[in-house]
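Below is one structure; the comments refer to it alone.
The basis for the numbers below is simple: all heavy atoms, side chains too, and nothing from hydrogens, waters or symmetry mates.
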Amino acid sequence: MPETNIEKPSTQNVEREERYEPQSIEEKWSARWWSQPDLFKADPADTNRKKYYVLEMLPYPSGVLHMGHVRNYSIGDALARHMWMRGFNVLHPMGWDSFGLPAENAAIKNKRPPKEWTLGNIAYMKSQMKRLGFAYDWEREVTTCLPDYYRWNQWFFLKLYEKGLAYRKKSKVNWCPECATVLANEQVVGGCCWRHETTPVEQRELEQWFVRTTDYSDELLRDLEKLEGWPEKVRTMQRNWIGRSEGAMVDFKLDGPIGKAGETITVFTTRIDTIYGATSLQLAPEHPMVTDFIASDPDLFAKVEDMRAEQRKAKEVGDIGAIEKHGVFTGRYAVNPFNGEKLPIWVANYILMDYGTGAIMSVPAHDERDYDFAKKYGLDIRPVILPRRQGEPAGNGEPDEPVLPFVAEDSLVMNSGEWNGLSCTEAQKKMAEYAEQHGFGKATVTYRLKDWGISRQRYWGTPIPMLYCDKCGVVPVPEEQLPVVLPENVDITLAGGSPLGRVPGWVNTTCPKCGGAARRETDTMDTFVDSSWYFYRYTDAKNDDAPFDSATANYWFPIDQYIGGVEHAILHLIYSRFWTKFIRDLGLVNNDEPAERLFTQGMIIKNGAKMSKSLGNTVSPDDMVERYGADATRAYTLFATSPDRELDWQDAGVEGVYRFLAKVYRFFAQNPALVDGQTYSVAELSPEARKIARKLHQTIRKISDDFNGRWHFNTSVAALMELLNLCSSSQQALNAAPRAFIADLERNIVMLLHPFAPYLAYELWEKIGQTSDLLRAPWPQFDAELAKEEEIEMAVQVNGKLRGRILVAAEATEEEAKQAAMADEKVQAAIEGKQIVKTIVIKGKLVNMVVR
RNA sequence: GCGAAAGUGGCGGAACUGGCAGACGCACCAGACUUAGGAUCUGGCGGGUAAAACCGUGGGGGUUCGAGUCCCCCCUUUCGCACCA
């Protein structure tokens, strides 16, 4: 990496004692903080104190922190420090999501073992975090790639297996050729690998371990309603991902010869009430029955193969919605079980094998897609739903002719034999019951969510604790033999499958059941397993007998505030929710959901693009700290915009925040006032000093409100700037003010500053003679009386036009306000020749008055 | 195509329930202190005008004494979903 020329802001000519030198302040305090291990330590579970668990998503130790991390942790740290000051027992931990492919890639490239590379990165990034001053309880640090952590992944896996929630299955899975491993559905974004955004995934038929997340589909969906502290966006994304739809399965018997795939085609429909309108069946090109149909017809075979290829390609591009509908008749028929009608069977490219059953009944009259298809191929279109509710006029002045395709939500069924006249909802229920009674169908709920494939053909992950014995088959490693330790000195390449398979000494073992020879599972676990439960481990990070102590976890859980990027809306956040439900059912925790509130911070961009190495628009936190200090860097990430928005990085902006901090520092140097227990009364303050007191309390209110409400810390910092601007422009008034007033003012400024610029706050706290720990100092008390304005501005309108603004006493009556308005010159001029004057009191009620 | 969020000076952004649009910061301009200024301080800074008036929150309508904010229509950007039967 090229040397960057680090230019520090000049502080020449500022008096020595007034010079703000963040590096020396910060290094001094950093050394003090980290030599006092108790400082940021969460107290043990204690039912007498209210707990507050604030958590930021743990980083992958890729080498160095990036600005996105700094922003994420600055938000969390501000909150944690604020909650400490509010008297909560705060848990604020940090750890490392340290298994994963980049370590292997680095190992291949640099010939360094993944473990060494990873631990080296962790050490460096931890030093960066300490330098940045994030108040973490490092005694609870979690490193997922170490056996004391991952043994519990294995333990949980055995529990999953025991409960039937982990199983092995051969199926089509997503394969990323660049990662050389399988991916879960959640890890495929737009047909591409989530890490390699332009690498399309391939489909491979492999035998893999799956976790039965679908057992919790319904609860995962239902409980989203409870997550009111989560962004609506994330809840919507999860809802879509789970993709629940209610409907029915219906079996259609084949008419004619029966092949290998059986004698019935089962379709899934959400509209069984339209089954009399079905005029064909449509199968996905990959449907197993299709293979039977095309076997003896080379022409048909070719056409279907084309369709398969086309679907695969569209899926890779993530553009499956864009391909034009087409299909081919198979020459075969199936029987509608409701009316005995023979329906032609087609293969169509718009039918997806991985949703429902991969087969549909086509109802062109009431489904847009079916309608398009039927029009193209001249298939029958038969309406079976009345175009309107009875007695209600239809739109378009065409009372009885349905405009096709007519998608009625709740109308009456027609042309459907004995079901005629039922409402659609009734018919859906009754027809599904009828199908079940006659053994050809039943009401069903389907989900888009699929089970979580967790096998990875990679080295740097948790070994799956399973054995294969020729005699006993699949055998779980006994609990007391955990952890199954990942061997070191393994030859890592991306070719040839799981690297662990090439370590005979590790693979070959004995079967715990029969004592014979057995082979270990050579795949490792998806790293998302690690991050699905790490936050529980923080509550009891050093437990050697269990993943954590239940009572302790139950004290801390749920997480009060979770903070991270929105990119995990589906991945990590759905797995974590699943895991919580699973361990709740194991009896380990009481909570149904891991996090009460979730905050997703915005991305950082520079020069209009997301920061990335390839674009060369990254900003190094180290450089910023070197140049402006940790406080300025952190405060800038909070000041530039509100935390939920995209942040447009500008170095000059950091400089501005640096200047503000320097100004604070100078103000304290110029107004030395030791807190010595003296008091003063507000009554003795000059009007100017009274104004400062008012501004102070308005600032306390503003910042407190920001913490409790919208987290617009940019306006919190701005409010502090305003306060300081007022203070420094009121130097004369301050010179005349009681020292105790200044001491009180400074004490409050330090406390308000602390969440945003902790180093400077600690330095100044000491300077004003405070001996208590700032972290435990009580958050400033807001005094409403002091904050109140003495005068308010009144806008005066004449016939609807704004004609003047005047000050009136806050306590003025309506009548007094009117008098004051009428006495104003500008208003008098404006009234000239007019009939009506209207006044309004800003933020008060409307006052109309008529003159002349 | 569907859904959500957003659109405000030269720039990042304020304006919580309708009430001085542009807080705060950056950049810029002028001045002070200075050998110097890239430190610090003071003042200015949407357009327009000598000063007012007046015009200004993507565009067009509307409600209101009053609209960046509420309602209707349209445009643009970003994000999410996208043949889910």
Which residue lies more 5' along RNA chain B, comparing A:Gly358 with A:Ser729 via nearest heavy atoms: A:Ser729
Pairs under 3.5 Å (Watson-Crick or G-U), crossing ones as [ ], inter-strand ones as |: RNA chain B comes out as (((((((..(((......[....))).(((((.......))))).((......))..(((((..]....))))))))))))....
With A:Trp241 via ring pair (Phe, Tyr, Trp, His ring centres under 6.0 Å) - residues at least two apart: none
In residues 705-722 of chain A, which ones come under 4.0 Å of RNA chain B, going by heavy atoms? A:Arg710, A:Asn714, A:Thr715, A:Ala718, A:Met721, A:Glu722
Write down the distance between CG (A:Asp644) and P (B:A5), rounded to a whole number of angstrom. 13 Å
The side chain of A:Gln650 is closest to which nucleotide in this list: B:C24, B:C26, B:C11? B:C11
Nearest to the A:Phe639 side chain among B:A85, B:C24, B:C83, which nucleotide is it? B:C24
Roughly how many Å apart are B:C16 and B:C65, using the P atom of each and rounding to a whole number? 22 Å
Between B:U78 and B:G60, how far is it from one P atom to the other, in whole Å? 24 Å
Qualifying residues under side chain to side chain contact (heavy atoms under 4.5 Å, CB included), relative to A:Ser728, sequence neighbours excluded: A:Lys663
Rounding to an integer number of Å, can you tell me how far A:Glu186 CD sits from B:C81 P? 12 Å
For B:C70 versus B:G18, give the span between their C1' atoms, rounded off to a whole number of Å. 8 Å
Mind checking what makes ring pair (Phe, Tyr, Trp, His ring centres under 6.0 Å) contact with A:Trp230, not counting sequence neighbours? none
B:A14 OP1/OP2 closer than 4.0 Å to side-chain N/O of A:Arg645: yes
Less than 4.0 Å between a side-chain N and a carboxylate O, is that true for A:Arg244 and A:Glu246? yes
Please enumerate all residues that pass ring pair (Phe, Tyr, Trp, His ring centres under 6.0 Å) together with A:Phe373, with sequence neighbours excluded. A:Trp346, A:Tyr350, A:Tyr377
Can you measure A:Ile242 atom CD1 to B:G80 atom P for me and round it to whole angstrom units? 18 Å
Rounding to an integer number of angstrom, what distance separates B:G61 and B:G10 when you compare their C1' atoms? 32 Å
Once you round it to whole Å, what is the distance between P of B:C83 and NZ of A:Lys376? 17 Å
Within 90° of 0 counts as syn, otherwise anti: where does B:G37 fall? anti
Look at the rings of A:Tyr665 and A:Tyr20 and say which category their plane angle falls in: under 30° parallel, 30 to 60° tilted, over 60° perpendicular. tilted
CD1 of A:Ile351 versus P of B:A85: gap in Å, rounded? 11 Å
Using a heavy-atom cut-off of under 4.0 Å over every strand shown, decide if A:Ser642 touches base, sugar-phosphate, or nothing. sugar-phosphate
So which of residues 229-239 of chain A are in contact with RNA chain B, with a heavy-atom cut-off of under 4.0 Å? A:Lys233, A:Met237
Tell me whether the OP1 or OP2 atom of B:G25 has a side-chain N or O from A:Asn725 closer than 4.0 Å. yes
Can you check the distance between B:G19 and B:U57, where both ends of the measurement are the P atom (answer in whole Å)? 16 Å
Should A:Phe252 and A:Ile345 count as side-chain neighbours, where that means a heavy-atom distance under 4.5 Å? no
Looking at B:A27, I'd like to know if its phosphate oxygens (OP1 or OP2) sit under 4.0 Å from a side-chain N or O belonging to A:Arg659. yes
Please determine whether a side-chain nitrogen of the Lys or Arg among A:Lys606 and A:Asp648 lies less than 4.0 Å from a carboxylate oxygen of the Asp or Glu. no
Side chain to side chain contact (heavy atoms under 4.5 Å, CB included) involving A:Thr715 - partner list, sequence neighbours excluded: A:Lys702, A:Asp706, A:His712
According to salt bridge (charged side-chain N to carboxylate O under 4.0 Å, His left out), does anything in residues 634-645 of chain A pair up with another residue at least two apart or in another chain? List the pairs. A:Asp77-A:Arg634
C1' atom, B:C54 versus B:U49: distance in rounded Å? 9 Å
Within this structure, what is the CE-to-P distance between A:Met603 and B:G80, rounded to whole angstrom? 10 Å
Upstream residue (5' side of RNA chain B) when A:Phe268 and A:Lys702 are each assigned their closest nucleotide: A:Lys702
Any A:Arg666 side-chain nitrogen or oxygen under 4.0 Å from OP1 or OP2 of B:A39: no
Modelled atom types, side-chain donor and acceptor of A:His326 and A:Glu310, under 3.5 Å: yes
Expressed as a whole number of Å, how far does the P atom of B:A53 sit from that of B:G22? 15 Å
Using whole Å, report how far CD1 of A:Ile605 lies from P of B:U78. 12 Å
Is A:Phe660 touching bases, backbone alone, or none of the nucleic acid, heavy atoms closer than 4.0 Å? nothing
Indicate whether OP1 or OP2 belonging to B:A85 is found under 4.0 Å from a side-chain N or O atom of A:Ser245. yes
Using the P atom in both, what is the distance from B:C33 to B:U69, to the nearest Å? 48 Å
For A:Val384, give me all partners under side chain to side chain contact (heavy atoms under 4.5 Å, CB included), at least two apart in sequence or on another chain. A:Thr274, A:Tyr276, A:His366, A:Asn415, A:Ser416
Among all residues two or more places apart in sequence or in another chain, which pass the ring pair (Phe, Tyr, Trp, His ring centres under 6.0 Å) test with A:His572? A:Tyr562, A:His568
Taking the side chain of A:Thr270 as its heavy atoms from C-beta onward, which of B:A85, B:G13, B:C81 lies nearest to it? B:A85
With sequence neighbours excluded, residues passing salt bridge (charged side-chain N to carboxylate O under 4.0 Å, His left out) with A:Lys695: A:Glu722
Length of the line joining A:Leu343:CG and B:A85:P, which is rounded to integer Å: 20 Å
